Amino acid sequence: MPTSSDGIMVILSSPSGAGKTTLVNLLAKENNFEISISHTTRQPRPKEILNKDYYFVNNDEFKRLIKNQEFLEYAKVFNNYYGTTRTPVIDKLNKGKNVLFDIDWQGADQIKNKKLDYKLITFFILPPSKKILFERLSNRDMKDKLIAEERMKQFERDVLHWINYNYVVINDNLDSCYSKIKNLIEAEVNNGSKDYDPEFIRNHVESLTS
Ligand code: ADP
Ligand code: 5GP
């Protein structure tokens, strides 16, 4: 049975390339924050580390995990499967560790709908502009320009999900975006006052989608 000494769940989602993985890795350096390592059927990128960035598995293994009901959530993203296994997450939360999730809107919806007895805070990360998003995607996926172009198309659809998150944060300067998220988490946990302007966010979304 969850208690007040349990950890909290913090989800970061974003259109691809907005910077959530970078931000999750920064947050994980905080005391008592641990990243939930997902399973995926996608191929590893050159700098990715097996069993640290992801558990890379084939389709059969992923299907086996689905059949055994081992996933807290899973979804198909860009033609590959991604999922979070339940046991490691619940074990960490019960030990008082805060768990960070770098998952898409489908996974965030599934976890939200489970209504687990652990505190959940959800963040949606947005880029400052589409131009900057394309630059970040092109730099990261340098070998394959098609990937950046495909993900830009997906951006138009993904951005619409901002409305279902507790907070939307713009990743312009990395340090200030990180501080903003950290301060909001602290304010949520301690019932403190929150530096958050929903109107500003609404206007920014409009500028990205118009
Ligand atoms: P996501 O996980 O949302 O797909 P990443 O964290 O992989 O995005 O970031 C995409 C690229 O943009 C990476 O190369 C990363 O180093 C870079 N990046 C992230 N945040 C910033 C920032 N604030 N300013 C400049 N580059 C950034
Ligand atoms: P990438 O291939 O760039 O690492 O991730 C692609 C997308 O899949 C990102 O939006 C990322 O947040 C999402 N993702 C990664 N792991 C999971 C997961 O376990 N579940 C879900 N639903 N999405 C995930």
Side-chain angles (χ1 to χ4, degrees), residues 9-29 34-57 61-62 65-66 70-89 99-114 122-144 146-148 150-155 157-162 164-165 168-181 208:
M9 301 188 286
V10 176
I11 296 180
L12 267 73
S13 302
S14 77
S16 183
K20 72 192 160 308
T21 308
T22 308
L23 287 159
V24 161
N25 287 332
L26 279 177
L27 286 163
K29 291 189 180 142
E34 285 196 16
I35 300 175
S36 160
I37 303 172
S38 298
H39 284 69
T40 183
T41 58
R42 124 160 125 58
Q43 291 300 309
R45 294 191 185 116
K47 284 187 190 153
E48 281 178 332
I49 300 169
L50 306 190
N51 305 338
K52 179 174 175 288
D53 290 307
Y54 281 106
Y55 298 114
F56 293 95
V57 295
E61 174 60 6
F62 203 95
L65 292 167
I66 297 175
E70 292 195 34
F71 285 121
L72 184 59
E73 63 75 31
Y74 71 91
K76 196 173 186 187
V77 189
F78 305 119
N79 294 323
N80 285 299
Y81 285 99
Y82 294 80
T84 308
T85 45
R86 178 192 309 268
T87 309
V89 171
V99 183
L100 292 164
F101 300 85
D102 170 346
I103 60 176
D104 84 329
W105 62 270
Q106 303 172 85
D109 271 2
Q110 288 173 43
I111 292 184
K112 221 163 79 177
N113 291 338
K114 290 247 155 76
T122 60
F123 290 92
F124 196 69
I125 314 300
L126 285 177
S129 67
K130 282 203 264 193
K131 183 172 172 282
I132 290 179
L133 179 66
F134 186 66
E135 282 166 14
R136 288 184 190 166
L137 282 168
S138 305
N139 285 338
R140 190 186 64 187
D141 301 317
M142 216 149 348
K143 284 212 183 101
D144 196 343
L146 264 183
I147 293 183
E150 246 174 53
R151 292 190 169 196
M152 283 307 289
K153 275 189 211 145
Q154 186 68 29
F155 170 79
R157 278 164 272 171
D158 284 347
V159 73
L160 304 175
H161 297 282
W162 69 279
N164 295 324
Y165 286 75
V168 179
V169 182
I170 301 165
N171 179 17
D172 190 349
N173 175 280
L174 188 60
D175 288 342
S176 53
C177 181
Y178 165 67
S179 299
K180 185 141 214 164
I181 295 172
L208 286 172

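Not measured: the values here are computed from a predicted model. Below, all heavy atoms of this structure are taken into account, side chains as well, without hydrogens, waters or symmetry copies. Counting starts at 1 for both ligands and their atoms, in listed order.
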Near S14 (heavy-atom distance under 4.0 Å), the atoms of ligand 1 are 3 (O)
Protein heavy atom at shortest distance from atom 20 (N) of ligand 1
N171 ND2, 3.0 Å
If we check side-chain hydrogen bond (donor to acceptor under 3.5 Å, both in side chains) with T84, which of these qualifies: E73, E70, H39?
E73
May I ask you to identify the nearest protein heavy atom to atom 2 (O) of ligand 1, giving residue, atom name and distance to one decimal place in Å?
T21 OG1, 2.4 Å
Using modelled atom types and a 3.5 Å cut-off, is there a donor and acceptor pairing between side-chain atoms of Q110 and backbone atoms of Y74?
yes
F62 and F71: ring pair (Phe, Tyr, Trp, His ring centres under 6.0 Å), yes or no, with the steps?
CA-CA 10 Å; F62 203 95; F71 285 121; 4.6 Å; yes
Ignoring angles and geometry beyond distance, decide whether N173 reaches within less than 3.5 Å of ligand 1 through its nitrogen or oxygen atoms.
no
Separation of E150 CD from S16 OG (nearest 0.5 Å):
10.5 Å
Looking only at protein heavy atoms, which one is nearest to atom 6 (O) of ligand 1, and how far off is it?
T22 OG1, 2.6 Å
Within the 4.0 Å heavy-atom sphere of ligand 2, strictly under, residues:
K20, S38, R42, R45, Y54, E73, A75, V77, Y82, G83, T84, D102, I103, D104, G107, R151
Of the protein's non-hydrogen atoms, which lies at the shortest distance from atom 8 (O) of ligand 1, and what is that distance?
G19 N, 3.2 Å
Do L72 and I111 touch side chain to side chain, with heavy atoms closer than 4.5 Å?
yes
If we only count N/O pairs under 3.5 Å, is D102 in contact with ligand 1?
no
For N164 and K112: C-alpha separation, side-chain torsions, deciding distance, then whether side chain to side chain contact (heavy atoms under 4.5 Å, CB included) applies.
CA-CA 10 Å; N164 295 324; K112 221 163 79 177; 3.8 Å; yes
CG on D53 to OG1 on T21, rounded to 0.5 Å:
8.5 Å
Protein contact of atom 10 (C) of ligand 1 - nearest heavy atom, named by residue and atom, plus distance:
G17 O, 3.6 Å
To which protein heavy atom is atom 14 (O) of ligand 1 closest, and what is the distance rounded to 0.1 Å?
R140 CB, 3.9 Å
Rounded to the nearest 0.5 angstrom, the OH-CD1 distance for Y81 and I66 is 6.5 Å
For the side chain of N171 and the backbone of A18, is there at least one donor-acceptor N/O pair under 3.5 Å apart?
yes
Test side chain to side chain contact (heavy atoms under 4.5 Å, CB included) on D102 and I35 and set out the steps.
CA-CA 8 Å; D102 170 346; I35 300 175; 5.8 Å; no
Would N139 count as a contact residue for ligand 1, given that I'm defining contact as a non-hydrogen atom of the residue lying under 4.0 Å from a ligand atom?
no
So if I count the atoms of ligand 1 from 1 in the order they appear, which ones are less than 4.0 Å from some heavy atom of S16?
4 (O)
Between T40 and Y82 (side chain of the first, backbone of the second, donor and acceptor by atom type, cut-off under 3.5 Å), is there such a pair?
no
Between the side chain of K180 and the main-chain N/O of V169, is any donor-acceptor distance below 3.5 Å?
no
A student checking ligand 1 against D172 at a 4.0 Å heavy-atom cut-off should list atoms 22 (C), 23 (N), 24 (N)
Of the listed options (R45, R136, R151, E135), which comes nearest to atom 12 (O) of ligand 1 when hydrogens are ignored and any heavy atom counts?
R136
